[in-house]
Trainee: 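Structure in structure tokens, see below.
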Amino acid sequence: MLHEALARRQGYRHIAGIDEAGRGPLAGPVVAAAVILPAGFYLEGLDDSKKRSPSRRDSLFDEITGSALAIGVGLADHELIDRINILQATLAAMRQAVEKLQTAPDFLLIDGISQIHLNIPQKTIKRGDSLSASIAAASIIAKVTRDRLMSLYDTQYPGYGFAGHKGYGSASHLAAIAELGPSPIHRLSFRGVREHVKGPES
């Protein structure tokens with residue numbers, strides 16, 4: 001909580017950590033989360049969501065949702081990603097997550113190097129999900145939320161294996177795209193998908 005403690009010393013009280021899940025996949029949305037934790041909050045194992053097993057992420061998700069002062073989740077779907085690019089879509093999802101917080105934050109800690117277009121003091125932190133408890137909590141919320149969405153999509157669009165690879169470009173996923181063509185939730189601008197988009201003359 002070093003970064004949170006530094007912000008509190010500057011007089012900030014509602015410090016939101018922000019992270020995303022799903023920038024790299026070939027299908028589905030990018031999901032962002034914003035989390036405000038109580039001062040002094042500690043949860044063993046809270047770290048970058050990618051370092052935790054799915055079952056551990058689920059238990060951390062429950063503990064975070066039970067303890068956080070506020071949680072907001074934002075989503076940018078595949079159509080927005082294709083239209084404005086993945087970076088801008090990610091920032092849009094992050095902004096949406098902040099705006100959905102029930103408690104208005106007065107300071108933002110953001111994983112990565114890009115600030116959000118909001119009139120709120122903010123600090124970007126490279127590898128922030130390993131350096132800030134609030135960002136790590138947001139990482140867990142975003143990852144679990146997105147994984148659950150992809151499991152739902154697996155039932156809607158069978159054959160692609162979304163429940164397993166969650167939309168990432170695994171060999172089995174690439175093979176399914178080549179065989180079946182892109183699904184309605186694939187990112188058509190991404191390499192691995194765009195090669196299989198049929199033109200109007202097809």
Trainee: Could you measure the distance from the CD atom of E179 to the OH atom of Y160? Nearest 0.5 Å is fine.
Mentor: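 E179 CD to Y160 OH: 9.5 Å, rounded to 0.5 Å.
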Trainee: How far apart are the closest heavy atoms of P105 and A16, and which atoms are they?
Mentor: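 What the structure gives for the nearest pair is CB-CB, 3.9 Å.
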Trainee: For atom CD1 of I113, decide whether the heavy atoms of other residues, nucleotides or ligands shown that lie under 6.0 angstrom number more than 12.
Mentor: no
Trainee: Determine, using the 4.5 Å side-chain heavy-atom cutoff (strictly less than), whether L87 and I18 are members of one ILVMFWY cluster.
Mentor: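 Yes; I18 is reachable from L87 via cluster members.
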Trainee: Is it true that the side chains of S134 and S132 contain a donor and an acceptor less than 3.5 Å apart?
Mentor: no
Trainee: In terms of side-chain geometry, is the basic nitrogen of D58 or R148 positioned less than 4.0 Å from the acidic oxygen of its partner?
Mentor: yes
Trainee: Report the distance from atom CG of D111 to atom CG of L109, rounding to the nearest 0.5 Å.
Mentor: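 Output value for this atom pair is 10.5 Å.
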Trainee: Find out whether D106 and R13 are in side-chain contact, i.e. whether some heavy atom of one side chain is under 4.5 Å from a heavy atom of the other.
Mentor: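 When only atoms from C-beta onward are counted, R13 and D106 do touch, with a gap below 4.5 Å.
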Trainee: Hey, are E79 and R83 close enough for a salt bridge, meaning a charged N less than 4.0 Å from a carboxylate O?
Mentor: no
Trainee: Take the angle between the ring planes of F162 and H165 and call it parallel below 30°, perpendicular above 60°, tilted in between.
Mentor: perpendicular
Trainee: Would you say the side chain of F107 lies within less than 4.5 Å of the side chain of I120, judging by non-hydrogen atoms?
Mentor: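 No - every pair of side-chain heavy atoms lies 4.5 Å or more apart.
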Trainee: Write down the atom of S67, the atom of F41, and the distance for their closest heavy-atom approach.
Mentor: CB-CE1, 3.4 Å
Trainee: Transitively linked via ILVMFWY side-chain contacts under 4.5 Å: I125 with L108?
Mentor: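 Looking at the clustering, L108 is in a separate group from I125.
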Trainee: Indicate the atoms forming the closest heavy-atom contact of V197 with P182, along with that distance.
Mentor: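 Taking V197 first and P182 second, the nearest heavy atoms are CG2-CG, 4.3 Å.
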Trainee: Mind running side chain to side chain contact (heavy atoms under 4.5 Å, CB included) on L37 and E4 for me, showing each step along the way?
Mentor: CA-CA 9 Å; L37 296 174; E4 288 84 352; 5.5 Å; no
Trainee: Same hydrophobic cluster for L60 and V73, using side-chain heavy-atom links shorter than 4.5 Å among ILVMFWY?
Mentor: yes
Trainee: Determine whether I140 and V31 fall in the same hydrophobic cluster, where Ile, Leu, Val, Met, Phe, Trp and Tyr are linked whenever their side-chain heavy atoms lie under 4.5 Å apart.
Mentor: yes
Trainee: Would L69 and Q102 count as a side chain to side chain contact (heavy atoms under 4.5 Å, CB included) if you check the C-alpha gap in whole Å, the side-chain angles of each, and the deciding distance to 0.1 Å?
Mentor: CA-CA 9 Å; L69 299 179; Q102 305 93 328; over 6 Å; no
Trainee: Under 4.5 Å between any side-chain heavy atoms of L149 and L75, yes or no?
Mentor: yes
Trainee: In terms of the angle between their ring planes, are H186 and H173 parallel, tilted or perpendicular, with boundaries placed at 30° and 60°?
Mentor: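 Aromatic pair H186/H173 classed tilted.
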Trainee: Are I135 and H3 side-chain neighbours, meaning at least one heavy-atom pair lies under 4.5 Å?
Mentor: no
Trainee: At what distance, to the nearest 0.5 angstrom, does CD of Q122 lie from NE2 of H117?
Mentor: 9.5 Å
Trainee: Rounded to the nearest 0.5 Å, what's the gap from CD1 on I177 to CD on E195? Could you check?
Mentor: 9.0 Å
Trainee: Give me the atom names and distance for the closest heavy-atom approach of L91 to S114.
Mentor: CD2-CB, 3.8 Å
Trainee: When you compare the side chain of V193 with that of R187, does any pair of heavy atoms fall below 4.5 Å?
Mentor: no
Trainee: Side chains of L174 and L26: does their closest heavy-atom pair fall under 4.5 Å?
Mentor: yes
Trainee: Is there a side-chain contact between L101 and H14, using heavy atoms and a 4.5 Å cut-off?
Mentor: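 L101 does not reach H14 side chain to side chain.
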Trainee: When you group the ILVMFWY residues by side-chain heavy-atom contacts below 4.5 Å and let the links chain together, are L80 and L188 in the same group?
Mentor: no
Trainee: If we ignore hydrogens and angles and just use 3.5 Å, is the side chain of R8 paired with the main-chain N or O of I15 as donor and acceptor?
Mentor: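 Looks like no, no N/O pair under 3.5 Å.
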Trainee: Please give me the minimum heavy-atom distance between G28 and I81, naming the atom from each residue.
Mentor: O-CD1, 4.0 Å
Trainee: Take L118 and E99 through the side chain to side chain contact (heavy atoms under 4.5 Å, CB included) test and state the conclusion after the steps.
Mentor: CA-CA 9 Å; L118 285 169; E99 290 174 339; 3.8 Å; yes
Trainee: Could you check whether R56 and S59, counting side-chain N and O atoms only, form a donor-acceptor pair closer than 3.5 Å?
Mentor: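 Yes, R56 and S59 have a side-chain donor paired with an acceptor closer than 3.5 Å.
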Trainee: For the CZ atom on R194, are there more than 12 heavy atoms of other groups (residues, nucleotides or ligands in this structure) within a distance under 6.0 Å?
Mentor: yes
Trainee: Is the shortest heavy-atom distance from the side chain of P29 to the side chain of M150 under 4.5 Å?
Mentor: yes
Trainee: If you compare all heavy atoms of I141 against all heavy atoms of V35, which two are closest, and at what distance to 0.1 Å?
Mentor: CG1-CG2, 4.0 Å
